[in-house]
Amino acid sequence: MGEPNMGAYQTIDPALAASALEWWHDAGVDLIVGDDPFDWLAAPSDEAFAPMPGLAPVALPVSSAAIAPAPAALPDTLEAFATWRMGPEAPEQGWTGISLAASGPADAAVMILVDCPDRDDGQAGQLLSGAPGRLFDRMLAAIGLSRDTVHIAAVCARRPAAGRMPRELETRLGEVSRHHVGLVAPKRLLLLGNAASRAILGTEMGQARGILHRLNHRTGTEGSTGEQDTGVVASFHPRFLLEKPVAKAEAWRDLQLLMKDIGA
């Protein structure tokens with residue numbers, strides 16, 4: 001027989017070996033070879049966790065950093081809220097990118113809520129820019145409105161890394177959005193896309209479409225309350241309509257529903 005081939009032992013990746021050693025260390029392996037055989041995969045016995053004789057158990061202190069602080073109360077005026085929304089306490093301030101403020105009159109009769117800024121909105125400095133924005137402007141014009149007459153906001157003031165709102169922040173961002181609606185107190189609210197529909201109505205846009213929902217803009221809950229009513233309509237985001245032009249006919253019916261009896 002010839003000499004054994006040692007090449008396989010000479011080409012071990014040092015980084016891979018270091019990674020394996022680190023893993024063993026984290027797993028509690030501190031000896032490669034011991035004097036006595038030991039089954040590292042065996043389940044630990046109860047004796048392993050028994051306190052030492054003469055020593056009473058000591059309660060470990062709970063780190064305050066491990067307890068998430070309760071969210072502070074949201075500002076009760078639109079001006080203060082707008083400042084807070086762009087500040088360090090906003091839910092998405094740890095994300096990269098540019099925060100885009102809401103725009104339009106504070107007392108607008110119609111409010112528009114989208115999911116988040118589009119990729120080009122940061123550079124444009126406004127929500128709904130580019131091709132989706134041009135289609136949005138035409139949609140507003142078709143019902144006698146313009147950006148100057150509506151209040152436009154996003155559930156996320158910054159664009160998420162994946163372009164979708166993180167599920168773990170949906171509840172908090174929904175609370176923030178409903179509070180925003182309450183401060184504007186519009187007669188009508190148009191929700192564009194799934195994330196906006198979930199934030200306000202708690203349901204997907206496809207299920208919410210075709211209905212004029214009644215939202216108590218003071219409490220953020222559904223139900224008819226007279227003067228505190230906001231009529232809510234869910235519809236397609238303009239970016240979806242650019243991809244699926246066949247849905248424009250349905251979007252037009254949504255816009256008609258939005259404006260029905262708005263002056264009553």
Side-chain angles (χ1 to χ4, degrees), residues 68-75 78-104 106 108 110-133 135-136 139-140 147 150-184 186 189-209 213 215 217 220 230 232-243:
L74 295 171
L78 188 59
E79 182 179 2
F81 175 83
T83 301
W84 175 89
R85 199 68 185 86
M86 297 294 104
E89 296 182 5
E92 65 279 70
Q93 282 305 306
W95 304 355
T96 59
I98 300 173
S99 292
L100 291 180
S103 62
V110 176
M111 180 174 176
I112 314 291
L113 189 68
V114 298
D115 51 359
C116 65
D118 279 332
R119 196 176 302 277
D120 298 330
D121 287 355
Q123 185 175 359
Q126 68 173 9
L127 295 167
L128 293 164
S129 65
L135 176 56
F136 173 68
M139 292 166 65
L140 289 181
R147 289 179 187 256
V150 299
H151 191 89
I152 305 172
V155 177
C156 302
R158 291 189 182 185
R159 180 175 175 81
R164 295 179 180 272
M165 183 167 59
R167 290 285 183 168
E168 65 271 16
L169 278 183
E170 278 201 5
T171 298
R172 180 57 174 164
L173 288 169
E175 293 170 354
V176 171
S177 296
R178 289 189 293 274
H179 186 76
H180 192 166
V181 173
L183 294 175
V184 178
L189 173 63
L190 178 62
L191 307 174
L192 296 178
N194 275 326
S197 180
R198 288 196 303 268
I200 301 300
L201 300 175
T203 187
E204 298 292 329
M205 180 269 298
Q207 297 174 315
R209 279 193 62 252
H213 302 265
L215 180 75
H217 56 242
T230 291
V232 183
V233 172
S235 190
F236 305 101
H237 194 287
R239 79 170 78 92
F240 176 85
L241 297 176
L242 291 174
E243 297 173 358

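All residue numbers refer to positions in the sequence shown, counting from 1.
For the atom pair OG (S235) and CG (L191), the distance works out to 9.5 Å, reported to the nearest 0.5 Å. Within the model, atoms CG of L74 and CG of L183 stand 8.5 Å from one another, a figure rounded to the nearest 0.5 Å. To the nearest 0.5 Å, the span separating NE2 on H180 from CG on L189 amounts to 10.0 Å. If you take CG on D120 and CD on Q126, they are separated by 11.5 Å, rounding to the nearest 0.5 Å. For the atom pair CD1 of I112 and CG of L190, the computed distance is 4.5 Å after rounding to the nearest 0.5 Å. Separating the CG atom in L127 from the CZ atom in R147 is a distance of 8.0 Å, to the nearest 0.5 Å.
Closest approach of R158 to T96, counting heavy atoms only: CD-O, 4.0 Å. Considering every non-hydrogen atom in both V232 and L215, the closest pair reads CG2-CB, 3.7 Å. The minimum heavy-atom distance between P186 and M111, with the atom names listed, is CG-CB, 3.8 Å. When all heavy atoms are compared, the tightest approach of L169 to P91 is CD1-O, 4.0 Å. Taking each heavy atom of A90 and R85 in turn, the nearest pair found is CB-O, 3.4 Å.
For A101, the side chain to side chain contact (heavy atoms under 4.5 Å, CB included) partners at least two apart in sequence or on another chain are M86. Partners of H237 by ring-ring contact (aromatic ring centres under 6.0 Å, His included), not counting sequence neighbours: none found. In this structure S103 satisfies the side chain to side chain donor-acceptor pair (under 3.5 Å) test with no other residue, sequence neighbours excluded. Among residues two or more places apart in sequence or in another chain, the side chain to side chain contact (heavy atoms under 4.5 Å, CB included) test is passed with L241 by L135, M139, F236, A247, K248, A251. Considering only residues two or more places apart in sequence or on other chains, C116 meets the side chain to side chain contact (heavy atoms under 4.5 Å, CB included) condition with C156, R159, P160.
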Report, one line per pair, each donor and acceptor closer than 3.5 Å where one atom sits in a side chain of residues 195-203; sequence neighbours left out.
from, atom 1, to, atom 2, distance (Å)
S197, OG, T203, O, 2.7
R198, NE, E170, OE1, 3.4
R198, NE, E170, OE2, 3.2
R198, NH1, E204, OE1, 3.3
R198, NH1, E204, OE2, 3.2
R198, NH2, E170, OE2, 2.9
T203, OG1, Q207, OE1, 2.8

Verdict with reasoning, R239 to D115, per side chain to side chain contact (heavy atoms under 4.5 Å, CB included): CA-CA 11 Å; R239 79 170 78 92; D115 51 359; 3.1 Å; yes
Before giving the answer on side chain to side chain contact (heavy atoms under 4.5 Å, CB included), spell out for F81 and V184 the whole-Å C-alpha distance, their side-chain angles and the decisive distance to 0.1 Å. CA-CA 11 Å; F81 175 83; V184 178; over 6 Å; no
Evaluate the side chain to side chain contact (heavy atoms under 4.5 Å, CB included) criterion for residues V114 and F136: first the C-alpha distance (whole Å), next the side-chain angles of each, then the deciding distance (0.1 Å), finally the verdict. CA-CA 11 Å; V114 298; F136 173 68; over 6 Å; no
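The number of heavy atoms from other shown groups lying within 6.0 Å of CD (E168) is above 12.
In this structure, E92 and V176 have side chains that are not in contact, with every pair of non-hydrogen atoms separated by 4.5 Å or more.
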